[in-house]
There are 4 protein chains.
Amino acid sequence: MSLAAPHPPHDGPTRGRPRSEAVERAIIEGTMKLLEDGVPLSELSIERIARTAGVGKATIYRRWRDKEELFVDVLRTAEPPDPELPGTSLRDDLVVLLETLRRRGQADRTSAILHNVRAQMKSSPKIWAAYDSTVIAPRRRAGLDVLRRAQRDGELRADTDVELLYDILVGPMLMRAVLRRTADLPEGLAEQIVDTLLEGLRPVSPPTAPH
Amino acid sequence: MSLAAPHPPHDGPTRGRPRSEAVERAIIEGTMKLLEDGVPLSELSIERIARTAGVGKATIYRRWRDKEELFVDVLRTAEPPDPELPGTSLRDDLVVLLETLRRRGQADRTSAILHNVRAQMKSSPKIWAAYDSTVIAPRRRAGLDVLRRAQRDGELRADTDVELLYDILVGPMLMRAVLRRTADLPEGLAEQIVDTLLEGLRPVSPPTAPH
Amino acid sequence: MSLAAPHPPHDGPTRGRPRSEAVERAIIEGTMKLLEDGVPLSELSIERIARTAGVGKATIYRRWRDKEELFVDVLRTAEPPDPELPGTSLRDDLVVLLETLRRRGQADRTSAILHNVRAQMKSSPKIWAAYDSTVIAPRRRAGLDVLRRAQRDGELRADTDVELLYDILVGPMLMRAVLRRTADLPEGLAEQIVDTLLEGLRPVSPPTAPH
Amino acid sequence: MSLAAPHPPHDGPTRGRPRSEAVERAIIEGTMKLLEDGVPLSELSIERIARTAGVGKATIYRRWRDKEELFVDVLRTAEPPDPELPGTSLRDDLVVLLETLRRRGQADRTSAILHNVRAQMKSSPKIWAAYDSTVIAPRRRAGLDVLRRAQRDGELRADTDVELLYDILVGPMLMRAVLRRTADLPEGLAEQIVDTLLEGLRPVSPPTAPH
DNA sequence: TCCTAATCGAGACGGTACGTCAGGTCTTCTT
DNA sequence: AAGAAGACCTGACGTACCGTCTCGATTAGGA
């Protein structure tokens, strides 16, 4: 993913010393290292990040307006890639989508970081908007596509509110991962949710064709 | 509700001048006023709260270890009271529970405050734990009670995982309120969710008796 | 010496619980103990004095308006008593006066305290005035009396400016003790000064009679 | 005089933005302005100095460890320059030296400041040491030189203790200026002291040559 | 023997200043 | 020009005292 700098260098022809990509990486990876080392979010000052990355403060401010904008890029870099969908059936697709979500809430090395940073970002509206539009919304759109296609193919009743259905599918996972910080969601949870929910939503007549 | 001071005054008999409850109220209400006036959470310094409440900084630190602990009490004071359940049927109880949750996520005067403060609190583990154990957990327990009683009364299939069901019920509401900050959840949403979900969970034989 | 309270208890007949003299002593001696233990003057807060003396702050403020007024009384209590003058000759009296002054500037247990406190008091005009009028001025008056009597008795030339002479006698002792903190003024210094100075001040004709 | 910063900026080659001399001046002159305006020493907080000078507190702490160290520099800047000695005779030199001292104790605009600050400094040993070694001691050395030269030239008896003589000369001036805050020492005082003291110290044989 | 009133230790109260730290901006020299 | 370094102003941090003010508990007279 491109680390498009929020502060573009300049428009005209390239003048002066070009910005070093190595510096860019050093800053982001330095931040992640600090987070992995258990430094609480509240102690993550720009000053400390600059020290860790061996970089001047101005070099950071030249690229990101403030701490939060930097965090969006740190998150973008750390997020695991979105999964390939099998496409064999609505159930299979949904299970894969939810299973990905489940793993994201787990307590592996980087997820704990993501979890914390995401939680803090929600209190900063404009940054949340940026993260939402570049990370959350696309993922949601993909999920809705799966449901709509299933509806078109007759795997889902025509009168189903797919937006609500999506939230009902995804909500409990979030409920458990984000809010209750259980951090060890059981393995079969994704299938359990999907199976529980798809029960009453199947059309009476069998689907015309699997997609 | 009692504002149990995180820094207890002393153990033995009451010695010295007792702490003023009026001051306690002034601090909490001053904080709420600032939040209502749209002051962003990041600009809510102890210094400013003290100024607003007409109170010395030490007077605040005497009661709360830090900003987050103060917020827990602000929240406790501001939270609307939990609803009375009609008890006429499982569906009615659930609709009331979810409707309350929906309204809590709305953009009325105080809810916006709660929303923001709660979001920030999640990045502070120990404070979240305190809020969770005194506010969130009791509410969850009440919800689970409703489901278990319905199961005992035959309104719900015996093999239903009530914990999962609760998360499935509550999750979408949270999904929309907390994460997507829609802030205007439609009126009928609670009924819609309940009706959608209860479909496949009714026992085959009719319930022995409504509770 | 009476520790006349700057805040007199009341005018009328003695009503209510009388002030405890034990408390008065505890405060002054507690302050002296702190000073002896080497606590720098700048760290001598009323709060700490109260803690040390096992006394409420108000109990101190009831007696002294502020720290400086308290120090005046501490000094008055600690000052060594003024010496008896032999009266055998001008030279003998002066040597005793100056010798006393020399010892006051020495580094024995309490003198270091007096030295420090006196130095600080000079930066607080009204307190200095109080100390000056009750301690310094009487001592000076005694010194001038010695000189005037000697002048009357013919031991000193009639045209001598006794005030200036007193300052010339006392000045070097101060110069060395207060300013240069030598703290070990040589034993014979008093005699040396007196002998050096009295040289040119003797009247041509011998004194009519020793007093 | 160079305002050597007590907190040296760095060792190696000049890196980063250099410290602003204008800021240095603003701080010192702001402090002097406050003192001239009659602000008591006890109300001279770093906070207030920073406000007056239009400067951040950290900018002050970057240069001086504490209030007292700052005062040393304020004094150094405010002290009137040491006088040129006429060199025509011992008496003339001494009169000039003492006359300078007398004027320093006077109540002109800045002298009151110096007086107060000096008085307070004496209660802070290490700061006094700094002031003593950079201001007081050199002045004393110059005075002793005058006496020793006079002794070599036969203007003074060979057995005179010049150190004691210096203290005897300077002491009364200090006695009056510092201790008794008379603040209006009479014009002829310097000559009066010198003439009174030199009386008995002249050698029997006339000096070989004026220096 | 009660009553009144000032005292006592304790500590809360509104403030002010402390010395530190971080946020962003700006200047300097080096690359 | 970009970069590292670090000075700069601003303002919050949490602590310590200031001098005042309640508390409950004494400790004396005077009724």
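Each chain gets a letter, A, B and so on, in the order its sequence line appears, and its residues count up from 1. Values in this document were obtained by computation on a predicted structure and should not be read as measured data.
Atom pair A:I27:CD1 and F:dA4:C1' shows a separation of 12 Å (rounding to whole Å applied). As rounded to whole Å, 12 Å separates atom C1' of E:dG11 from atom CZ of C:R51. B:E21 places its CD atom 12 Å from the P atom of F:dC23, with the value rounded to the nearest Å. A straight line from CZ of A:R48 to C1' of F:dA5 spans 20 Å, rounded to a whole angstrom. If you measure from atom CD1 of D:I46 to atom P of E:dG19, you get 6 Å, rounded to the nearest angstrom. Atom CD of A:E24 and atom C1' of F:dA2 are 13 Å apart (whole Å). The distance from atom CD of A:E47 to atom C1' of F:dA7 is 12 Å, rounded to the nearest whole Å. Put simply, CZ on C:R15 is 20 Å from P on F:dT27, counting in whole angstrom units.
OP1 or OP2 of E:dA12 lies within a sub-4.0 Å distance of a side-chain N or O belonging to B:R62. Within the 4.0 Å cut-off from OP1 or OP2 of E:dT7, at least one side-chain nitrogen or oxygen of C:R19 is found. At E:dG23, one or more side-chain N or O atoms of A:K67 fall inside 4.0 Å of OP1 or OP2 (strictly under the cut-off). Close to E:dC8, at under 4.0 Å from its OP1 or OP2, lies a side-chain N or O of C:R63. The shortest distance between the side-chain N/O atoms of D:T59 and the OP1/OP2 oxygens of F:dA7 is not below 4.0 Å.
Rounded to the nearest 0.5 Å, atoms CZ (B:R51) and CG (B:L34) are 9.5 Å apart. In this structure, the separation between OG1 on B:T31 and CZ on B:F71 is 7.0 Å, given to the nearest 0.5 Å. Between B:E69 atom CD and B:Y61 atom OH the span is 12.0 Å, to the nearest 0.5 Å. Between atom NZ of residue D:K57 and atom OG1 of residue D:T59 there is a gap of 11.5 Å, rounded to the nearest 0.5 Å. Put simply, CD1 on B:I49 and CG on B:L35 are 7.5 Å apart, with the number rounded to the nearest 0.5 Å. Residue A:L70 holds its CG atom at 11.0 Å from CZ of A:R63, rounded to the nearest 0.5 Å.
When each of D:L44 and C:A53 is assigned the nucleotide of DNA chain E bearing its nearest heavy atom, the one mapping closer to the 5' terminus is C:A53. Each of D:A58 and A:A58 was matched to the nucleotide of DNA chain E holding its nearest heavy atom; the match closer to the 5' end belongs to D:A58. Mapping C:S45 and B:K57 onto DNA chain F by nearest heavy atom places B:K57 closer to the 5' end of the strand. If you find the closest nucleotide of DNA chain F to B:R17 and to D:S20, the one lying nearer the 5' end belongs to D:S20.
The residue C:A50 sits apart from the nucleic acid: no heavy atom pair falls under 4.0 Å.
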Query - 5'-to-3' dot-bracket of DNA chain F (Watson-Crick, G-U; under 3.5 angstrom; crossing pairs as [ ]; | other strand) - result: |||||||||||||||||||||||||||||||
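Of the possible polar contacts, none joining the B:D73 side chain to the B:R76 backbone as a donor-acceptor pair under 3.5 Å is found.
Candidate nucleotides F:dC13, E:dA10, E:dC18 were compared by shortest atom distance to the side chain of D:Y61, and E:dC18 ranks first. Taking the side chain of C:V23 as heavy atoms from C-beta on, and the options F:dG19, F:dC13, E:dC8, the nearest nucleotide is E:dC8.
In terms of heavy-atom proximity, D:A50 sits nearest to D:G56 at CB-C, 4.3 Å.
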